[in-house]
Structures are given as structure tokens and as C-alpha cells.
Amino acid sequence: SFKFSGLANSKVLDVSSKKVGSKEKIMLTTHHKKGSRVHRPGSILLAAGLSKSTKKGLQQVTKATEGSFNRRDLMELAKIKFQKVKTSFKKKKLVFKSRRATK
């Protein structure tokens, strides 16, 4: 749809996860503000790290959308995706059962 297309809209907003070694990061991707960057495909997008703290991370998403007039229509969706990415970092703990029966 046109709403999510980076080709149809000049402004881009995405929240995603990135794994570097054993660490996992939450990344916010936006479009470069300079118009001349459109002609340089390698530097058209900007990726910034978001805080994993829920309060600070959601503030950063709000600031990136409302403060810079960048896709305010996607702000709520970006916040929901931030929560989903953060939840995906939680791993299930393995429960080891003793092979010796307790008597």
C-alpha cells in the first residue's frame, strides 16, 4: 500500500532489530533530510539506535516523528513495533528437570 511504501513517500520510518555479535539493538530508520542524498542510494537512509528502556525508547520514537514532521501517521504503528521488537529480545529460560526422582 502507499502508506508503507518508501517509493511512494519521500519520508521513511521504520523500527527494526539488528544483531551485532551477541548484542541486539533496536534501530530507527529514517530518510535523510538533505535533498541531495536522494541521488546517493548508499546514504539516503539514516539508522539511529533506540534505547531499550520503554520510557526512553518511546520518547525517541515520538521525537523522531512529531518533532521533525516526519510521518506522524506512522507514530502509533512505530510505537507498537518498538514494543514487539523489545519483546522479541526476551528468550525463554530453559528449565532443567532432575533425572533423580525426589523421594
Side-chain angles (χ1 to χ4, degrees):
S1 68
F2 287 114
K3 185 175 185 177
F4 300 110
S5 174
L7 299 173
N9 295 303
S10 61
K11 306 215 178 201
V12 177
L13 184 69
D14 183 35
V15 177
S16 59
S17 63
K18 183 178 182 183
K19 189 166 184 175
V20 179
S22 62
K23 292 194 171 198
E24 294 174 311
K25 297 180 180 182
I26 302 175
M27 303 299 288
L28 178 74
T29 305
T30 56
H31 199 276
H32 208 286
K33 289 185 179 183
K34 286 189 175 181
S36 62
R37 295 291 195 262
V38 176
H39 305 297
R40 302 183 206 169
S43 61
I44 224 174
L45 299 176
L46 295 173
L50 292 175
S51 175
K52 287 185 189 176
S53 166
T54 305
K55 184 179 177 183
K56 289 181 181 179
L58 291 176
Q59 283 178 349
Q60 287 176 317
V61 170
T62 304
K63 188 177 178 184
T65 52
E66 278 188 344
S68 63
F69 307 107
N70 187 11
R71 297 303 304 267
R72 280 185 252 168
D73 58 326
L74 295 179
M75 183 175 64
E76 290 304 317
L77 290 171
K79 286 182 178 182
I80 292 168
K81 191 166 181 187
F82 174 82
Q83 294 285 2
K84 286 183 177 181
V85 169
K86 189 176 175 200
T87 307
S88 74
F89 288 165
K90 294 181 181 177
K91 306 292 183 243
K92 286 188 177 180
K93 293 183 180 178
L94 296 174
V95 179
F96 296 104
K97 291 186 177 180
S98 176
R99 284 185 269 172
R100 286 182 271 162
T102 54
K103 295 180 183 177

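- The two residues Ala64 and Leu28 make their nearest non-hydrogen contact at CB-CD2, 3.5 Å.
- Of all heavy-atom pairs between Gly49 and Met27, the closest is CA-SD, 4.0 Å.
- Heavy-atom contacts from other residues, nucleotides or ligands closer than 6.0 Å to NZ of Lys93 number 12 or fewer.
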Distance-only check: which donor-acceptor pairs under 3.5 Å involve side-chain atoms of residues 34-44, not counting sequence neighbours?
none

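- The closest donor-acceptor contact from the side chain of Gln60 to the backbone of Ser51 lies under 3.5 Å.
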- Message: Set out, in order, the CA-CA distance, both residues' side-chain angles and the distance that settles side chain to side chain contact (heavy atoms under 4.5 Å, CB included) for Leu58 and Gln83, then state yes or no.
- Response: CA-CA 9 Å; Leu58 291 176; Gln83 294 285 2; 3.6 Å; yes
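- Between Phe89 and Ile26 the shortest side-chain heavy-atom distance falls below 4.5 Å.
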- Item | From CA spacing to verdict: side chain to side chain contact (heavy atoms under 4.5 Å, CB included), Leu74, Thr65 | CA-CA 8 Å; Leu74 295 179; Thr65 52; 5.9 Å; no
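- For the pair Leu13 and Ala78, the tightest heavy-atom approach, listed with the atom from each and the gap, is CD2-CB, 4.0 Å.
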- Please report the C-alpha distance between Thr62 and Lys79 in whole Å, then the side-chain angles of each, then the deciding distance to 0.1 Å, and finally whether the side chain to side chain contact (heavy atoms under 4.5 Å, CB included) criterion is met. CA-CA 8 Å; Thr62 304; Lys79 286 182 178 182; 3.1 Å; yes
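- Annotation: side chain of Lys81 is in contact with side chain of Asp14 (closest heavy-atom distance under 4.5 Å).
- The minimum heavy-atom distance linking His31 with Lys11 is given by the pair CB-CA, 4.2 Å.
- For residues 51-60, no residue pair satisfies the salt bridge (charged side-chain N to carboxylate O under 4.0 Å, His left out) rule, not counting sequence neighbours.
- Atom-to-atom distance recorded for Thr29:OG1 and Leu45:CG is 6.5 Å, nearest 0.5 angstrom.
- Every residue was checked against the side-chain contact (heavy atoms from CB on, under 4.5 Å) condition with Lys63, not counting sequence neighbours, and none meets it.
- At a threshold of 4.5 Å between side-chain heavy atoms, the hydrophobic network of Ile, Leu, Val, Met, Phe, Trp and Tyr places Leu50 and Met75 in two separate groups.
- A pairwise comparison of heavy atoms in Val85 and Ser17 identifies CG1-CB, 3.7 Å as the closest pair.
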